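Source: prediction; values computed, not measured. Chain identifiers are assigned alphabetically (A, B, ...) following the order of the sequence lines, protein sequences preceding nucleic acid strands; residue numbering begins at 1 within each chain.
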Amino acid sequence: MTPKPAMFRKVLIANRGEIACRIAATLREMGIRSVAVYSAADRGALHVRTADQAHEIGAAEPQASYLNIEALIAAARASGAEAIHPGYGFLAENAEFASATEAAGLAFIGPAPDQIRALGDKREAREIAKRAGVPVVPGATGSSAAELSKAAAKLGFPLLVKAALGGGGKGMRVVGNAAALAEAIESATRVAASAFGDGAIYLERHIERPRHIEVQIVGDGVGGAIHLLERECSLQRRHQKVIEECPSPAVDNALRERLTSAAVALAKSVRYRGAGTVEFLLAPDGAFYFLEMNTRLQVEHPVTELVTGIDLVRLQIEIAAGGKLPGQSAIERRGHAIEARIYAEDAARGFLPQAGTLVRVRWPRAPFVRVDRGVESGDPVPVHYDPILAKVIAAGVNRDAALLRLSGALDDTLAHGVVTNLPFVRALVRSGEVARGAYDTEWIEREFLPDFTALVTAPAPEAALAAAALAELLRASLATDGAPGAAAAPDPFTALGRWRQGGPG
Amino acid sequence: MTPKPAMFRKVLIANRGEIACRIAATLREMGIRSVAVYSAADRGALHVRTADQAHEIGAAEPQASYLNIEALIAAARASGAEAIHPGYGFLAENAEFASATEAAGLAFIGPAPDQIRALGDKREAREIAKRAGVPVVPGATGSSAAELSKAAAKLGFPLLVKAALGGGGKGMRVVGNAAALAEAIESATRVAASAFGDGAIYLERHIERPRHIEVQIVGDGVGGAIHLLERECSLQRRHQKVIEECPSPAVDNALRERLTSAAVALAKSVRYRGAGTVEFLLAPDGAFYFLEMNTRLQVEHPVTELVTGIDLVRLQIEIAAGGKLPGQSAIERRGHAIEARIYAEDAARGFLPQAGTLVRVRWPRAPFVRVDRGVESGDPVPVHYDPILAKVIAAGVNRDAALLRLSGALDDTLAHGVVTNLPFVRALVRSGEVARGAYDTEWIEREFLPDFTALVTAPAPEAALAAAALAELLRASLATDGAPGAAAAPDPFTALGRWRQGGPG
Amino acid sequence: MRTDWRDGDRARAVEASALGGSRYLVSVDGAPMEVAAERLPDGRLVIETPTGHFVAEVSPAGTRRFVRLDALEFVLDLESGGRRRGPRSSSGGLEAPMPGVVTRVMVAGGDEVSAGQPLLALEAMKMEHVIRSPRAGTVKSVLARVGEMVAGGRGLVELEPDATDAG
Amino acid sequence: MRTDWRDGDRARAVEASALGGSRYLVSVDGAPMEVAAERLPDGRLVIETPTGHFVAEVSPAGTRRFVRLDALEFVLDLESGGRRRGPRSSSGGLEAPMPGVVTRVMVAGGDEVSAGQPLLALEAMKMEHVIRSPRAGTVKSVLARVGEMVAGGRGLVELEPDATDAG
């Protein structure tokens, strides 16, 4: 779609899991050799198996490996890579890493370091948005607890306490009154310091029952920028997105025009380079406010890709290699796409992250269904990293069709060996509110979770125990009968081979 | 997209392989239970494993199973299915089967029996096309060799000898002069009788260097019909399509309008019900001629699905259940899609079909890449059936992007254990003529195959022997060293585990 | 055949025997029912019990069984024949709920604690999880130090419940 | 280590030995070369020979090796150590090239045939394949009947080549 720039021949992917696999797919397609990196815990991981080459960069702890700038740059140099793609998470929004990459003579597939720095600081990003004429949520900052308390009193409660750096809602907390403020500030400071290496805190007025809408933008670094529609990300649990879609059922064409124009104005004002996301809160009264900007690829980028037909990773790479931005008119919207994130977490125990070995995984394969996955059957889920396993994404001619297809795809997904959130996302996509698109960012916790939690913490139904017992009975009877291969059969498919074919009706 | 009709609850798929799996995917998504059927040779086949239930219908020979109308109807009745989807091939264009299905009180997901009968007879189809104002290739028919010879003399050579019934080019032969006619008629009669149960023959003027362009249409059975663009199917080897795409690089908007109007007029004239394909020959001078109509889903339907966003199988099912046809304006065209058929056949031995066990299969999984497959690792490829294993389909913002993506996806595909046409399709998608879209239906055999055949029949290069020998060397040295698990390791990944990580630069 | 299961904190017992064909007599926790079970081509089971019709899929992992039942998932532990374990002592927080690093220890041996009181904090997968006391009682001993990496299920605190709370 | 291979009708011999690190001395059909071989993370091999740089993937299936080399694929049969088979007698058509049903037999024992003359026809996978004589000669015997299902590799016709053609 753009004239071909002088393209990289080899790119290092400074990430792991599903996003590393997804980036490798585009690199392979572009004829660019991919270099994976891995920690000691990821030696046999899928992202290592599918890259063209791989370098071990350190111990399991992220600080020693995926957050280890020196080791990453060394691996890039050793491998002969000409560029680094940071994915999302880890060092994707770390200006120091982007600087170090460029200092080593390599291209950073992302914005310029000073753009990451400026937009990654929520206070500065807010000022940038204001200057670009983008509405912002009333907010304040401060360097001491006392200062912050004073600012909070002025803003009024409820308000939001969050890390000035970082994204994804980590360490974010809603505070309902002045009494709870001190503890929230202390806790947020600790999390911010540990997660982002900077304990700076930002306060902002809490918009109640908002929707989270974000606009995908791409800039060329010299003042040009386009948008690739909005995404609806209101289905969140504790500020962690669970299900995302494009376009938003809450955005009509007039609002879309205002939202995307605001996002493009912001991107142009900083001469933004590469792909980024401008996040907005949409209030029930239709007003929207700049929330923050993510200077990287989002987890949920596939819904935009399916609706626009554009490969965002390819676009990132082309821009980093000096390619031209497509015109806004080249971005067409068709149909609808919805994504569900599959996490190793246990809803019955407060969505605790889970680790272990996936004894059996079956990802769906069907027309108009896409799966970005980081694990296959037999793969471990290490304790050290974000527990995302995969994203299941469905496209359709309209929202109903996409949602129905996603529901079918989730039914057709199996991940056994580690407890996952599959029952949670399966129930979500079947709920009436999701079907109607009638929810806000707090709906899951306020209205969906109480019943769902009761369901998953109740004793297992008799049918579940019957199924488990019958599987054992059959295994035992096969072993006794000495049926061929039965004793050695490691696979329940084989072990159950004697059951009668044909359903009961 | 259409108001929901009273939908089937259970549908029998009277087919096997990739198309049975693909139909099951849509049924599952629609919440319809799928019933697979299988021959004795297909007991553990993927299409059996992925359906909701399965019925054995007869011996391996197609006549005893997949062509056994009585057994299929009995299985449908026993399973409680309310409808039968015939897929393509086998009984998909058999009017008797459609009749028997309807006589059993079941819905046939396809056209009415008399439409299958009329359009399946090439002579009658030709008359229908003429009446609908669609241009046809000059041709003739006859019931005896003498009669046919006389007609041939009038048409002039070269001409095409083919079965009056059936499709897919089976038994089709180009005859350059009168001397070769008798043998061609005899051979075509035999193949026609054996493949379609009717030895009737049809002759037609052979258009030299034509392109094969077909239009996907869907009718509602009461006089309404729409089109879903054209497909380019000129990349053929002996009249068997190898690579198909949508839209055609040889069709501009003016020509598209004429082609699709002709196809829709034909469909409307017979009050066509369901999905069908009107095939045209496009002559180098821009004239086009009706070739035949296929009254079923085509192998290559996914390229249309990716460009229009429409699930054709769902549309077939909705129409069979009494649903409304979408309006023509609901059919949007975006981007480009290209498909490569993966067959078990040996290019070095005249593309002989192959049978055996697939010891290792790896289908690609990447954004904008779709794979419809009928086998996975460990599955047998029986000798009795069409040797299609899968279709790899890539979509892109334009033809270049789709072609590049398909090339990458084919590189990322592995099928070992049975010789496949993967080297053939990989070489095709890389050729300059395919890149430029500059070919006709005879180009592969005339220009591509001589060099390609020389390549694949030459001795294996030293590097191939070196790779094979080094794999053995390593296996042996691991066994001697007694490295953990080495002796028992059935998987070359494990067996090669000690090789140094990291590529050579 | 009898099988004993652990379903979270609950002990469940199932007695299953074939009645011929696809029918089975299955007692779950002593309540008998007739169950029809059919195998789908891909290995899934269709189970019909008096309460309904379910599609199930069972994957073994050691003594653990991952059981999918329609849209829901369950993890059941097969108790080894005869030897019945008591309910896991954790029942709400004295063991590490997952592997992680201990970031804070908020109590010491001898402390009296109330139900819900934070005992220690564990960091795993970038999130902090506070372990709270499931009941009022007295801390007998703390089994972990700040900075220690602990495995899932590892005991963290020994608690002596209050007498009034123990019944 | 020496390995003997059948590459279609050709016998190929390879001698391979490790030179240390990722370097190997490999002789193919007696011509020695130095080869660098590296394993990619997914098990593929990167092979560097004096003629170029290739990515290879080798899958064993019995004594057969499926070898992918970049975009091409090869099937090599590992000859069992020491016992060397001669070229397969077929070398162009006297064995069934695949499993199928014999639909026509066009010659009989004693017939003189010319190179390229049709001998019999086999139907498989809905296509008819004519088996032609690879050379001029005399049919010694026909080993299959019309309607017979034959396995791939099964001998169909025994042929006595013409003396002039035998050298």
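- In this structure, B:Arg341 and B:Val242 have side chains that are not in contact, with every pair of non-hydrogen atoms separated by 4.5 Å or more.
- Highest contact tally toward chain D, considering only B:Pro423, B:Ala466, B:Pro461, is held by B:Pro423 [criterion: heavy-atom pairs under 4.5 Å].
- Proximity to chain B (any heavy atom under 4.5 Å) is restricted, for D:Asp70, to the backbone atoms N, CA, C and O.
- The candidate with the highest count of non-hydrogen atom pairs below 4.5 Å against chain B, out of D:Ala16, D:Ala56, D:Ala71, is D:Ala71.
- Of the possible donor and acceptor atoms, one in the side chain of B:Arg360 sits under 3.5 Å from a partner among the backbone N and O of D:Val58.
- Ion pair B:Arg426/D:Glu73 flagged as a salt bridge, since at least one NZ, NE, NH1 or NH2 atom sits closer than 4.0 Å to an Asp/Glu carboxylate oxygen.
- Contact annotation for B:Thr357: neither backbone nor side-chain heavy atoms come within less than 4.5 Å of a heavy atom of chain D.
- With D:Asp7 contributing its side chain and B:Ala460 its backbone, the two residues share a donor-acceptor pair below 3.5 Å.
- In this structure, the portion of B:Thr413 lying under 4.5 Å from any heavy atom of chain D is its backbone and not its side chain.
- The side-chain contact (heavy atoms from CB on, under 4.5 Å) test with D:Val113 is passed by exactly one of D:Val107, D:Thr138, D:Val157: D:Val107.
- Residues B:Asp42 and B:Tyr66 bring a donor and an acceptor atom of their side chains to less than 3.5 Å of each other.
- Under a cutoff of 6.0 Å and an axis angle of 45°, B:Arg237 and B:Phe351 form a cation-pi pair.
- Residue B:Val359 touches chain D through its side chain alone, counting heavy-atom pairs closer than 4.5 Å.
- Of the residues considered (D:Thr49, D:Val55, D:Thr3, D:Val67), D:Val67 shows the highest number of contacts with chain B, using heavy-atom pairs under 4.5 Å.
- For a residue to count as touching a neighbouring chain, one of its non-hydrogen atoms must lie under 4.5 Å from one of that chain's; by this rule D:Arg68 touches chain B with backbone and side chain alike.
- When heavy atoms are compared at a cutoff of 4.5 Å, B:Ala458 approaches chain D solely by way of its backbone atoms N, CA, C and O.
- When each of B:Gly356, B:Gly417, B:Ala467 is checked for heavy-atom pairs under 4.5 Å with chain D, B:Gly417 comes out on top.
- Residue D:Leu76 touches chain B through its side chain alone, counting heavy-atom pairs closer than 4.5 Å.
- Interatomic distance, CZ of D:Arg2 versus OG of D:Ser17, reported as 13.5 Å (0.5 Å rounding).
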